[in-house]
Asks: 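Below: one structure in C-alpha cells.
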Amino acid sequence: MFVEFANSPTYGGSQTELSAVRRGICAWSDITALFAQLFPASFGGFPVFPALFPGSNVLFAQHVTFQPFPNNNAIITGVSPVNSYSWAEVEIEYKTIPYQQSSTGGSILTRRGSATGEFMTLPNLRLEWATGTKAVKNPELFAGKMIGMESWTITRHRVANPLNKALFRGLRGKVNDTQFEEFPAETLLFMGADYQQTLSYQGDDSWQVDLHFVSRNIDGETSLGWNHFFNSEVEPPAWDRLQLKGGEKIYRTGNFNLLY
C-alpha cells in the first residue's frame with residue numbers, strides 16, 4: 001500500500017518533542033485505506049491511538065498529505081467527479097504527543113487518613129457499679145466501648161507495569177509485622193488495593209494504586225493492636241493477646257514494606 005522513498009525517513013525534534021517524516025508513494029485508489037490505517041476510527045465509543053512510527057512506541061501519526069505523483073500525473077477521466085490519478089505522493093508526519101499533566105501534578109505518593117472507630121461490647125461478668133451495691137444484677141446489661149481507629153489510604157502514582165496484583169491479594173487481611181509508616185507492629189490491617197491503569201499516546205502504561213489500611217488504637221496504647229481483645233478472666237480484667245489453639249495469631253502478619 002505504501003512504498004517508501006530511498007531518502008526517507010527524516011527526523012527532527014526539540015526539548016519538548018520528537019518528530020519524524022516518512023515520504024513515499026501509494027496508489028491513488030488506496031488513499032482512503034491508508035488514511036484509515038493511520039487514523040483508525042473509534043471502537044465501541046472509545047478513541048483509538050493513531051498508527052505508531054515503525055519500531056517506536058512514542059511517535060504517533062499526526063498529519064498526512066497526498067498529492068499527485070509528479071512522474072505519473074496523467075489524469076484518469078470518467079471515474080470520479082473530481083480528478084483522479086494513478087499514484088499519489090505521500091508525506092506522513094509523526095510526533096510525540098505533548099504530556100498532559102495529571103491532576104496530581106508531579107506527585108508520586110499521596111497519603112490520606114480519616115478518623116473512625118468501632119464499638120466493642122464488654123462482657124458483664126466482671127462489671128460493677130462504682131456506687132451502691134456495685135454488683136451488676138441485670139444479666140442483659142453490657143458495656144459498649146469505642147475503640148479508636150483510622151482509615152488510612154496510600155496512593156502510589158505512575159506505578160510501572162506489570163503490576164504485582166498477587167502481592168496485594170497475599171497481604172490482604174494481614175497486619176504489619178514491624179512498624180510501617182507511623183504505625184507500630186500489628187496495629188495496621190491491610191484491607192486491599194484499588195488499581196487503575198492509564199494508557200497515554202506516549203506509550204505510558206502506568207498504574208495508580210490505592211492501598212487501603214485500617215489502624216487500631218486501644219486507649220492510646222501503641223502496643224495493643226488487632227490481635228488484642230478484652231480478657232475478663234484475669235485479675236484485674238485487661239486487654240490481652242488472643243490466639244488460636246497452637247499459638248497461631250488471629251490476624252497473621254505480613255511485610256508491608258513490599259507494597260513499596
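FYI, side chains are in, hydrogens and waters are out, and symmetry mates aren't considered; it's all heavy atoms of this structure.
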Asks: May I ask you to decide whether Glu186 forms a salt bridge with Arg241, counting only side-chain N to carboxylate O separations under 4.0 Å?
Replies: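 Looking at Arg241 together with Glu186, the answer is yes, because their closest N to O distance falls below 4.0 Å.
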Asks: Step by step, work out the side-chain contact (heavy atoms from CB on, under 4.5 Å) result for Glu17 and Lys95.
Replies: CA-CA 7 Å; Glu17 69 175 15; Lys95 284 186 179 181; 3.7 Å; yes
Asks: Partners of Phe180 by ring-ring contact (aromatic ring centres under 6.0 Å, His included), sequence neighbours excluded?
Replies: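 Checked Phe180 against ring-ring contact (aromatic ring centres under 6.0 Å, His included); matches are Phe213, Phe256, Tyr260.
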Asks: Once you round to the nearest 0.5 Å, how far does OG1 of Thr253 lie from CG of Leu188?
Replies: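 Thr253 atom OG1 to Leu188 atom CG measures 13.0 Å (nearest 0.5 Å).
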Asks: Which residues satisfy the ring-ring contact (aromatic ring centres under 6.0 Å, His included) test with Phe229, sequence neighbours excluded?
Replies: none
Asks: After noting the C-alpha distance and the side-chain angles of Glu4 and Phe2, does the key distance pass the side-chain contact (heavy atoms from CB on, under 4.5 Å) rule?
Replies: CA-CA 6 Å; Glu4 194 162 8; Phe2 174 76; 3.9 Å; yes
Asks: Using the salt bridge (charged side-chain N to carboxylate O under 4.0 Å, His left out) rule, take Glu93 and Arg22 through it: C-alpha gap first, then chi angles, then the decisive distance, then the call.
Replies: CA-CA 7 Å; Glu93 184 178 9; Arg22 299 179 71 196; over 6 Å; no
Asks: Assess the side chains of Asp194 and His212: does a donor N or O sit below 3.5 Å from an acceptor N or O?
Replies: yes
Asks: Give the C-alpha distance, both sets of side-chain angles, the deciding distance and a yes or no for side-chain contact (heavy atoms from CB on, under 4.5 Å) between Phe183 and Ser215.
Replies: CA-CA 8 Å; Phe183 302 98; Ser215 69; 3.5 Å; yes
Asks: Restricting to non-hydrogen atoms, name the atom on Met149 and the atom on Trp226 that form the minimum distance, rounded to 0.1 Å.
Replies: CE-CH2, 3.3 Å
Asks: Does Leu189 form a side-chain contact (heavy atoms from CB on, under 4.5 Å) with Tyr251? I'd like the steps, not just the answer.
Replies: CA-CA 9 Å; Leu189 176 66; Tyr251 289 96; 3.9 Å; yes
Asks: Grab the two heavy atoms, one from Asn176 and one from Thr187, that are nearest each other, plus how far apart they are.
Replies: OD1-N, 3.3 Å
Asks: Please list all pairs passing the ring-ring contact (aromatic ring centres under 6.0 Å, His included) test where one or both residues lie in residues 5-24, with sequence neighbours left out.
Replies: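 Of all non-adjacent pairs touching residues 5-24, those that pass ring-ring contact (aromatic ring centres under 6.0 Å, His included) are Tyr11-Phe53.
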Asks: Measure the CD-CG distance between Gln15 and Leu18 for me, rounded to the nearest 0.5 Å.
Replies: 13.5 Å
Asks: How many angstroms lie between atom CD1 of Ile147 and atom OG1 of Thr116, to the nearest 0.5 angstrom?
Replies: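 Output value for this atom pair is 12.0 Å.
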Asks: Please table the atom pairs, donor to acceptor, closer than 3.5 Å between any side-chain atom in residues 26-40 and protein atoms at least two apart or in another chain.
Replies:
none

Asks: Looking at Arg216 and Glu150, does any basic side-chain N land under 4.0 Å from a carboxylate oxygen?
Replies: no
Asks: Rounded to the nearest 0.5 Å, how far apart are CZ of Phe190 and CG of Leu171?
Replies: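 Going from the CZ atom of Phe190 to the CG atom of Leu171 covers 6.5 Å.
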Asks: How many angstroms lie between CD in Gln179 and CG in Asn257, if you round to the nearest 0.5 Å?
Replies: 10.5 Å
Asks: For Met191, does the CE atom sit with more than 12 other heavy atoms under 6.0 Å from it, leaving out its own atoms?
Replies: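 At most 12 heavy atoms, drawn from other residues, nucleotides or ligands, come within 6.0 Å of this atom.
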Asks: Are Tyr195 and Lys165 packed together at the side-chain level, in the sense that at least one heavy-atom pair is separated by less than 4.5 angstrom?
Replies: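 They are in side-chain contact.
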Asks: What are the two closest heavy atoms between Leu211 and Val209, and how far apart are they?
Replies: CD2-CG1, 3.7 Å
Asks: Could you pull out the closest heavy-atom pair between His157 and Leu109, with the gap in Å?
Replies: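 Closest approach of His157 to Leu109, heavy atoms only: CD2-N, 3.8 Å.
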Asks: Is Ile154 reachable from Leu258 through a run of hydrophobic residues whose side-chain heavy atoms are each under 4.5 Å from the next?
Replies: yes
Asks: Looking only at non-hydrogen atoms, find the nearest pair between Asn227 and Ile250 and report the distance.
Replies: OD1-N, 3.4 Å
Asks: Side-chain heavy atoms under 4.5 Å apart, restricted to Ile/Leu/Val/Met/Phe/Trp/Tyr: what other residues fall into the cluster of Phe119, or is it alone?
Replies: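 Other cluster members: Met146.
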Asks: Would you kindly say whether Thr155 and Arg112 are connected by a side-chain donor-acceptor distance under 3.5 Å?
Replies: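 Short answer, yes.
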Asks: Indicate yes or no: at least one non-hydrogen side-chain atom of Leu163 is less than 4.5 angstrom from one of Phe168.
Replies: yes
Asks: Can you give me the closest heavy-atom contact between Ser232 and Pro237, atom names plus distance?
Replies: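 Heavy atoms only, the tightest pair is CA-CB, 4.1 Å.
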Asks: Kindly compute the distance separating CG (Asp210) from CD (Gln196), expressed to the nearest 0.5 Å.
Replies: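 That separation rounds to 8.5 Å.
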Asks: Any Lys/Arg nitrogen of Lys145 or Asp219 sitting under 4.0 Å from an Asp/Glu carboxylate oxygen of the other?
Replies: yes
Asks: Only counting residues at least two apart or in another chain, list the ones meeting side chain to side chain contact (heavy atoms under 4.5 Å, CB included) with Glu91.
Replies: Val21, Arg23, Thr65
Asks: Would a distance-only check, ignoring hydrogens and angles, find a side-chain to backbone donor-acceptor pair under 3.5 Å from Thr178 to Ala185?
Replies: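 No.
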